[in-house]
A.B. asks: 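The structure is given below, and queries will be raised subsequently.
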Amino acid sequence: TAYGSRLYATYIDLLPESTIEKLAPRELACRRELAALNPGNADMRIALADLYIQRGEAAKADAEYAAALAIPNLSDMRQGLALVGRASAALLRKDRAGAVKFLEELASRNLNTAGRGSIDPAGQAKTALRFLKEAPDLDHMKLPWYTGGKVFPKARQAAYSGTFVPLKAA
């Protein structure tokens, strides 16, 4: 996967976060080089764009997603990932209307992106549109903004004893 090395370092090798952060510049350099060596490979462009999103660099990510979409004969999944990525970049720039535009485009393409054990960009787009477009200010759970209540009003120390409740035979 695109994040294979990072996932292994975090969850398999159990490297400390400081070590993983030291490897981040090398990861970025490797992804840039792979995208430059394979300009017609949408997976490389999408992986680089995903890394830019993770770093908060929306303009660079959007450019990479757009470059991936410009590659001819993209599979449904790659189109879906790139369009969801462009919507993510728009949201990162606080451009809600732009995000809605990309999600609507994805929904209108009727792509088959559902698969066993994988993400579903087309399904994500339809769900996100419900919240971004149809009900932008609605709190679906109807939760109060502030109640003044505290989850744990007063900390208490548990008191244990060696006595137990006797069990009665039925």
Side-chain angles (χ1 to χ4, degrees), residues 1-13 15 17 20-21 23-145:
T1 63
Y3 298 104
S5 58
R6 184 176 295 231
L7 286 172
Y8 273 96
T10 304
Y11 299 108
I12 304 298
D13 298 333
L15 295 178
E17 190 67 31
I20 294 170
E21 288 305 315
L23 298 172
R26 177 161 168 70
E27 179 184 18
L28 179 60
C30 289
R31 289 196 192 278
R32 282 181 178 155
E33 188 171 347
L34 284 170
L37 290 172
N38 301 300
N41 187 331
D43 289 328
M44 299 299 165
R45 295 258 183 209
I46 291 169
L48 177 59
D50 288 345
L51 186 59
Y52 283 139
I53 287 287
Q54 188 177 9
R55 295 168 58 94
E57 300 176 23
K60 292 179 181 179
D62 193 40
E64 290 298 329
Y65 288 126
L69 282 169
I71 296 170
N73 301 323
L74 282 182
S75 69
D76 287 358
M77 181 61 83
R78 287 178 183 87
Q79 289 179 55
L81 290 172
L83 285 167
V84 165
R86 291 200 77 186
S88 297
L91 287 174
L92 200 55
R93 290 189 309 265
K94 302 202 183 327
D95 178 13
R96 186 184 197 127
V100 168
K101 181 186 84 160
F102 291 123
L103 294 173
E104 284 177 336
E105 181 181 345
L106 174 53
S108 71
R109 289 187 182 192
N110 293 321
L111 302 175
N112 182 13
T113 59
R116 179 180 287 175
S118 68
I119 60 173
D120 180 11
Q124 288 176 342
K126 291 172 185 167
T127 301
L129 280 172
R130 282 196 350 243
F131 293 98
L132 291 174
K133 181 182 173 190
E134 298 169 11
D137 298 321
L138 182 63
D139 178 7
H140 289 287
M141 295 177 63
K142 305 284 189 270
L143 297 174
W145 287 99

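All of these numbers come straight from a predicted model, not from anything done at the bench.
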A.B. asks: Ignoring hydrogens, what is the shortest heavy-atom contact between Phe131 and Arg96? Give both atom names and the distance.
C.D. replies: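 Looks like O-NH2, 3.4 Å.
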A.B. asks: For Ala90 and Ala99, which heavy atoms make the closest approach, and how far apart are they?
C.D. replies: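 Residues Ala90 and Ala99, closest heavy atoms: CB-N, 3.5 Å.
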A.B. asks: Rounded to the nearest 0.5 Å, how far does OG of Ser75 lie from CG of Asp43?
C.D. replies: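 So the CG of Asp43 and the OG of Ser75 are separated by 7.5 Å.
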A.B. asks: Would you say the side chains of Thr113 and Asp76 form a donor-acceptor pair under 3.5 Å?
C.D. replies: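 Short answer, no.
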A.B. asks: Within the distance-only criterion (no hydrogens, no angle test), does the side chain of Asn38 pair as donor or acceptor with the backbone N or O of Asn41 below 3.5 angstrom?
C.D. replies: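 Not confirmed, Asn38 side chain does not pair with Asn41 backbone.
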A.B. asks: Please find the pair of heavy atoms, one from Leu15 and one from Ile20, that lie closest to each other, and give the distance.
C.D. replies: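 It is O-CD1, 3.7 Å.
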A.B. asks: Drop me the distance from Leu83's CG to Glu104's CD, to the nearest 0.5 angstrom.
C.D. replies: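 If we round to the nearest 0.5 Å, Leu83:CG and Glu104:CD are 12.0 Å apart.
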A.B. asks: Does the side chain of Asp50 come within less than 4.5 Å of Gln54's, by heavy atoms?
C.D. replies: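 Gln54 vs Asp50: side chains apart.
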A.B. asks: Distance alone, cut at 3.5 Å: any donor-acceptor contact between the side chains of Arg32 and Tyr52?
C.D. replies: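 Present: a donor and an acceptor within the cut-off.
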A.B. asks: Distance check, rounded to the nearest 0.5 Å: Met77 atom CE versus Ile119 atom CD1?
C.D. replies: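 CD1 of Ile119 is found 6.0 Å from CE of Met77.
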A.B. asks: Write down the atom of Ala68, the atom of Leu74, and the distance for their closest heavy-atom approach.
C.D. replies: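 Of all heavy-atom pairs spanning Ala68 and Leu74, the closest is O-CD1, 3.0 Å.
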A.B. asks: Are side-chain heavy atoms of Arg45 and Pro39 found at a separation under 4.5 Å?
C.D. replies: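 The answer is yes, as the side chains (C-beta and beyond) meet within the 4.5 Å cut-off.
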A.B. asks: How about Asp62 and Arg93: do any of their side-chain heavy atoms sit closer than 4.5 Å?
C.D. replies: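 Yes - at least one pair of side-chain heavy atoms lies under 4.5 Å apart.
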A.B. asks: Measure the SG-CE distance between Cys30 and Met44 for me, rounded to the nearest 0.5 Å.
C.D. replies: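 Taking SG in Cys30 and CE in Met44, the distance rounds to 11.5 Å.
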A.B. asks: Which heavy atom in Leu92 sits nearest to a heavy atom in Glu57, and how many Å separate them?
C.D. replies: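 Of all heavy-atom pairs spanning Leu92 and Glu57, the closest is CD2-N, 4.3 Å.
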A.B. asks: Going from CG on Leu48 to CD on Glu64, what distance comes out if it is rounded to the nearest 0.5 angstrom?
C.D. replies: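 Here the rounded value is 4.5 Å.
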A.B. asks: Using a 4.5 Å cut-off on heavy atoms from C-beta on, say whether the side chain of Asp95 contacts that of Phe102.
C.D. replies: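 They are not in side-chain contact.
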A.B. asks: Can a salt bridge be assigned to the pair Glu105 and Arg109 using a cut-off of 4.0 Å between side-chain N and carboxylate O?
C.D. replies: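 Yes, this pair counts.
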A.B. asks: Nearest heavy-atom pair of Ala107 and Leu129: which atoms, and what distance?
C.D. replies: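 Minimum heavy-atom separation between Ala107 and Leu129: CB-CD1, 4.2 Å.
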A.B. asks: To the nearest 0.5 Å, what is the distance between CD (Glu33) and CG (Leu28)?
C.D. replies: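 It is 11.5 Å, given to the nearest 0.5 Å.
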A.B. asks: Measuring only between side-chain heavy atoms, which start at C-beta, is Leu69 closer than 4.5 Å to Arg86?
C.D. replies: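 The answer is yes; the side chains approach within 4.5 Å.
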A.B. asks: Given side chains that start at C-beta, do those of Pro121 and Gln79 come closer than 4.5 Å, heavy atoms only?
C.D. replies: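 In short, these two side chains do not touch, never coming nearer than 4.5 Å.
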